[in-house]
Amino acid sequence: MSLFNDLGRKVEELKQEVGSATDDEATHRCIECDTLLYTDHDECPECGSTSVIPLSD
């Protein structure tokens with residue numbers, strides 16, 4: 001059982017690391033729903049808002 005607990009913990013750590021890395025790659029953000037985007041969009045694919053702004057470095 002310990003093997004599965006260790007594996008589950010490692011998978012969760014990996015998921016969190018991947019999530020952090022992808023957030024760092026975002027180039028734009030929707031002001032309305034706070035969705036991070038990775039390319040420029042005229043409107044947010046999540047909420048349809050046209051309030052998409054570029055992120056500054």
Side-chain angles (χ1 to χ4, degrees):
M1 190 69 158
S2 177
L3 174 66
F4 292 110
N5 288 338
D6 290 343
L7 182 59
R9 186 174 27 254
K10 295 289 185 186
V11 168
E12 186 59 35
E13 289 173 6
L14 179 60
K15 283 174 36 181
Q16 290 177 3
E17 288 177 20
V18 168
S20 295
T22 57
D23 288 351
D24 292 342
E25 297 294 320
T27 59
H28 292 74
R29 180 177 63 88
C30 174
I31 295 173
E32 297 296 321
C33 69
D34 210 34
T35 297
L36 293 173
L37 305 169
Y38 303 94
T39 59
D40 189 13
H41 289 274
D42 291 331
E43 56 183 48
C44 177
E46 292 295 318
C47 70
S49 170
T50 58
S51 300
V52 176
I53 61 168
L55 297 175
S56 59
D57 291 347

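Counting from 1, the numbers follow the sequence of the chain as shown.
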Going through the checks in order, is the side-chain contact (heavy atoms from CB on, under 4.5 Å) test met by R9 and V11? CA-CA 5 Å; R9 186 174 27 254; V11 168; over 6 Å; no
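Looking at residues two or more places apart in sequence or on another chain, you find a side-chain contact (heavy atoms from CB on, under 4.5 Å) between H28 and L37, D40, V52, P54. Qualifying side-chain contact (heavy atoms from CB on, under 4.5 Å) partners for E32, counting only residues two or more places apart in sequence or in other chains: C30, C47, S49, S51.
The CG atom of L36 sits 6.5 Å away from atom CG of L55, with the distance rounded to the nearest 0.5 Å. The line from OG1 of T27 to CD1 of I53 is 11.5 Å long, rounded to the nearest 0.5 Å. With rounding to the nearest 0.5 Å, the separation of CG in L7 from CD in E12 is 12.0 Å.
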